[in-house]
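Since the structure is predicted, the reported quantities are computational estimates derived from the model, not experimental observations. In what follows, chains are A, B, ... by sequence order, proteins preceding strands, each numbered from 1.
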2 protein chains.
Amino acid sequence: MKHYGCGMPPESKIALERPDMRAHVLKAALLAIEEVGFTRLRIRDIADRAGMSTGHVLYYFGSRDRILVSTLLMSEADLDERRRVELAGLDDHAALERLVELYLPKSAQDVRWRLWAQVVARPPDDEETLLRLDGFFRSWAAALATVVRRLAGLGAEAAEDFAVRHCRLMDGLSNDVLLGMPGHDATWAKEAVLASMRRELP
Amino acid sequence: MKHYGCGMPPESKIALERPDMRAHVLKAALLAIEEVGFTRLRIRDIADRAGMSTGHVLYYFGSRDRILVSTLLMSEADLDERRRVELAGLDDHAALERLVELYLPKSAQDVRWRLWAQVVARPPDDEETLLRLDGFFRSWAAALATVVRRLAGLGAEAAEDFAVRHCRLMDGLSNDVLLGMPGHDATWAKEAVLASMRRELP
DNA sequence: TGGGAATTTGAATGCTACTCAAGTTTTGAG
DNA sequence: CTCAAAACTTGAGTAGCATTCAAATTCCCA
């Protein structure tokens with residue numbers, strides 16, 4: 001677990017010397033978002049919680065947007081690991097439901113999903129970051145494909161197609177959860193996905 | 001076509017007297033976004049193009065966020081009308097494809113979708129605006145349901161379910177288009193949706 | 001141990017949303 | 001028609017934020 005982000009010192013040639021410091025800042029960022037809320041988040045809030053100055057945070061990450069996308073990458077990496085651990089101990093039926101729960105936002109304030117919304121609204125311009133984000137999506141789809149393959153005896157290709165379509169569906173449903181659309185809470189989203197899955201699975 | 005937004009003068013009791021003025025500002029906002037780009041958009045850019053002061057724009061709309069959400073509402077209302085007109089002249093098969101084209105973003109810079117991304121990242125807090133946004137979603141789903149009902153002879157309920165699922169799928173795919181994910185352009189998104197639709201339609 | 005590179009700071013900069021006091025125009029009651 | 005209240009309009013002012021930067025400190029290794 002290292003080297004999440006993409007920032008670098010002004011005229012950099014080589015990434016910074018202390019990846020620990022970067023991870024430390026990103027954890028502070030998560031904490032800050034939870035405490036002050038996403039819309040009120042200032043770099044100052046992150047710096048305070050990381051025990052350093054605002055200038056120093058920007059020295060490592062270059063811009064506010066890069067802090068946020070790096071925080072998302074860390075958050076996805078952590079959840080990727082957590083998913084692996086949790087699903088290993090469940091039977092296929094329970095694993096399917098748990099995967100959906102882990103993927104979807106827990107509420108309109110869900111930090112990981114607020115970060116996604118932020119990144120979609122102000123996308124990074126470097127391809128490497130985009131590919132890393134896509135990698136996490138693929139990891140989710142692969143995990144879902146594995147589960148439904150065993151669960152429904154689908155072929156590899158059919159399972160992959162099913163998985164990708166339903167991950168995209170969850171992305172779409174998440175928009176409404178993030179908007180706080182009346183009646184469209186986390187439970188609604190979960191039921192909608194599972195209903196769609198049951199259409200195709202026996 | 002009137003009364004798109006939700007802003008009001010400071011201690012308002014009644015909405016502003018000149019809805020024309022509001023529509024005028026919102027058209028200026030669309031123009032400004034196209035010209036200066038979404039990320040660089042300042043209220044000043046909108047005010048200049050509307051031929052008024054920044055203070056006046058804010059007098060009508062209250063905040064930058066409200067301008068943007070109102071612009072989205074206008075954009076959706078226009079597209080709603082345009083969809084109605086265009087689809088009326090097409091056979092069911094062509095209408096299905098055209099509806100998908102109209103719904104999806106045309107590129108990563110698609111103004112309507114950039115507005116959606118912005119609104120999801122900073123959601124409005126008043127329920128009325130949320131319900132109006134939801135109304136446009138429902139309108140899209142209803143239009144799609146009508147087409148597939150005729151096209152595939154589905155029952156009303158099945159068509160509605162099909163339509164809602166595929167609109168959500170398009171929402172999810174749009175995220176990748178907006179991100180500028182390599183290879184995931186407007187054409188990719190369109191093909192992905194149509195492929196999913198063909199799975200269920202004869 | 002000396003010096004260059006990396007790190008760290010917080011004050012300065014600059015930009016932008018938002019406020020406001022002061023006018024101008026519109027409206028409608030009488 | 002009259003005139004005062006309400007609505008409208010302005011641009012200068014305020015405040016808050018991301019970002020820059022010059023200077024100070026620490027680290028590294030030859």
Side-chain angles (χ1 to χ4, degrees), chain A residues 3 5-26 28-29 32-33 36-71 118-119 121-122 124-125, chain B residues 3 5-26 28-29 32-33 35-71 115 118-119 121-122 124-125:
Chain A
H3 202 264
C6 49
M8 45 206 79
E11 304 304 332
S12 74
K13 27 207 111 159
I14 291 173
L16 293 229
E17 308 301 325
R18 297 187 188 175
D20 295 347
M21 188 59 72
R22 292 176 61 86
H24 177 66
V25 172
L26 297 180
I33 293 168
V36 315
F38 205 97
T39 56
R40 268 171 264 198
L41 182 72
R42 296 168 299 156
I43 291 186
R44 179 71 185 280
D45 297 314
I46 298 171
D48 285 350
R49 275 156 249 267
M52 59 180 66
S53 66
T54 63
H56 192 41
V57 169
L58 282 162
Y59 172 74
Y60 270 107
F61 289 92
S63 74
R64 182 193 147 96
D65 281 352
R66 287 212 188 123
I67 299 169
L68 296 178
V69 76
S70 297
T71 307
Q118 177 68 29
V119 169
R122 303 180 61 88
D125 51 7
Chain B
H3 203 265
C6 49
M8 47 206 79
E11 304 304 334
S12 74
K13 24 207 116 157
I14 291 173
L16 293 231
E17 307 303 324
R18 296 189 189 175
D20 295 346
M21 189 61 70
R22 293 176 61 86
H24 177 65
V25 172
L26 297 180
I33 293 169
E35 287 188 8
V36 314
F38 205 98
T39 56
R40 268 171 266 202
L41 182 72
R42 296 168 299 157
I43 291 184
R44 179 71 184 281
D45 298 314
I46 298 171
D48 285 350
R49 283 162 183 75
M52 59 179 68
S53 67
T54 63
H56 192 40
V57 170
L58 283 162
Y59 171 74
Y60 270 107
F61 289 92
S63 75
R64 183 191 146 97
D65 282 352
R66 287 211 189 126
I67 298 169
L68 296 178
V69 78
S70 296
T71 307
L115 287 164
Q118 177 68 30
V119 168
R122 303 179 61 86
D125 52 7

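- At distances below 3.5 Å, not a single donor-acceptor pair connects side-chain atoms of B/Arg64 with backbone N or O atoms of B/Ile43.
- Atom-to-atom, CZ of B/Arg64 to P of C/dT19 comes out at 15 Å; the value is rounded to the nearest Å.
- Look at CE on A/Met52: it is 7 Å from P on C/dT9, rounded to the nearest Å.
- Not a single donor-acceptor pair under 3.5 Å links the side chain of B/Arg49 to the backbone N or O of B/Ala29.
- Atoms CD1 (A/Ile67) and P (D/dC17) sit 14 Å apart, rounded to a whole Å.
- Each of A/Ile43 and B/Gly51 was matched to the nucleotide of DNA chain D holding its nearest heavy atom; the match closer to the 5' end belongs to B/Gly51.
- The B/His56 side chain lies nearest to D/dT10 when the options are C/dT7, C/dT16, D/dT10.
- A/Ile46 pairs in a side chain to side chain contact (heavy atoms under 4.5 Å, CB included) with only one of the listed residues (A/Val36, A/Thr54, A/Ile67), which is A/Ile67.
- Between A/Leu58 atom CG and C/dT9 atom P the separation is 13 Å, expressed in whole Å.
- Atom CZ of B/Arg40 is separated from atom P of C/dG14 by 20 Å (rounded to the nearest Å).
- Contact annotation for B/Leu41: backbone-only contact, meaning every heavy-atom pair under 4.0 Å involves sugar-phosphate atoms and none involves a base.
- Rounded to a whole Å, the CG atom of A/Asp48 is 11 Å from the P atom of C/dG10.
- A/Arg122 places its CZ atom 13 Å from the C1' atom of D/dC17, with the value rounded to the nearest Å.
- Judged by distance alone, with hydrogens and angles left aside, the side-chain atoms of A/Asp48 form no donor-acceptor pair with the main-chain N or O of A/Asp45 at under 3.5 Å.
- Atom CZ in B/Phe61 sits roughly 15 Å away from atom C1' in D/dT9 (whole-Å rounding).
- Listed pair B/Tyr59 / D/dT9 fails the phosphate criterion, with no side-chain N or O lying under 4.0 Å from OP1 or OP2.
- Picking from C/dT16, D/dG11, C/dC18 the nucleotide with the shortest atom distance to the side chain of B/Ser53 gives D/dG11.
- Closest to the A/Tyr60 side chain, of the nucleotides D/dT9, C/dT8, C/dT16, is C/dT8.
- Relative orientation of the A/His56 and A/Tyr59 rings is parallel, given thresholds of 30° and 60° on the angle between their planes.
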